[in-house]
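Here is the structure we will look at.
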Amino acid sequence: HTLKSLWPFHAFLHSVLQQLIVKDTGQIFIEPVDQNEVPDYGDIVKHPMDLLTMELKIKNSEYNSLEEFENDFNLMVSNCLAYNSKETIFYKAGIKMRDQGGTVLRTAKRDLKILD
Ligand SMILES: CCOC(=O)c1ccc2c(c1)NC(=O)[C@@H](C)N2
């Protein structure tokens, strides 16, 4: 059996998401930005994304490939780097998530290839 046939694809994505959640030590990516707390967020960020929303999309089978999952990860990070100025904690956490999450995704992509 390969992972693809034995294990539903969404179980694989869920394990990748868990690894990204571990990297979010400041827990700033774990749920949607509260636009009541950050009133101008919607003026700058047109397509918000966060890890909880990605989990719900996995459950709804909305990802048909690792690339689609990766696109939402990259959207989440680019929103963070676009909205927050460079000297902020949020921006620095965005850089860290881009780098550490990128490594998680590269390994996941390699794992999928090996299993084919
Ligand atoms: C309770 C106030 O919460 C926030 O101000 C806040 C909380 C979470 C945030 C965020 C802001 N900004 C962001 O760019 C994304 C990454 N996360």
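Counting starts at 1 for both ligands and their atoms, in listed order. These numbers were taken from a predicted model, which means no experiment stands behind them.
A salt bridge is absent between K109 and E67: the closest approach of a Lys/Arg side-chain nitrogen to an acidic carboxylate oxygen does not fall below 4.0 angstrom.
Counting heavy atoms from C-beta outward, L105 and F69 have side chains that approach closer than 4.5 Å. For the pair L17 and L51, the minimum side-chain heavy-atom distance is below 4.5 Å.
Here atom 6 (C) of ligand 1 lies nearest to F90 when heavy atoms of F90, Y91, F29 are compared. Heavy-atom proximity to atom 13 (C) of ligand 1, evaluated over I89, V38, N84, is greatest for N84.
Interface of I28 with ligand 1, defined as ligand atoms under 4.0 Å from a residue heavy atom, comprises 8 (C), 9 (C), 15 (C), 16 (C), 17 (N). Listed by atom number, the atoms of ligand 1 under 4.0 Å from E37 heavy atoms are 1 (C), 2 (C).
Under the 4.0 angstrom criterion for non-hydrogen atoms, V33 is in contact with ligand 1.
With hydrogens and angles left out, the side-chain atoms of D34 and Y41 include no donor and acceptor closer than 3.5 Å.
Counting non-hydrogen atoms of neighbouring residues, nucleotides and ligands closer than 6.0 angstrom, the CD1 atom of I114 exceeds 12 such neighbours.
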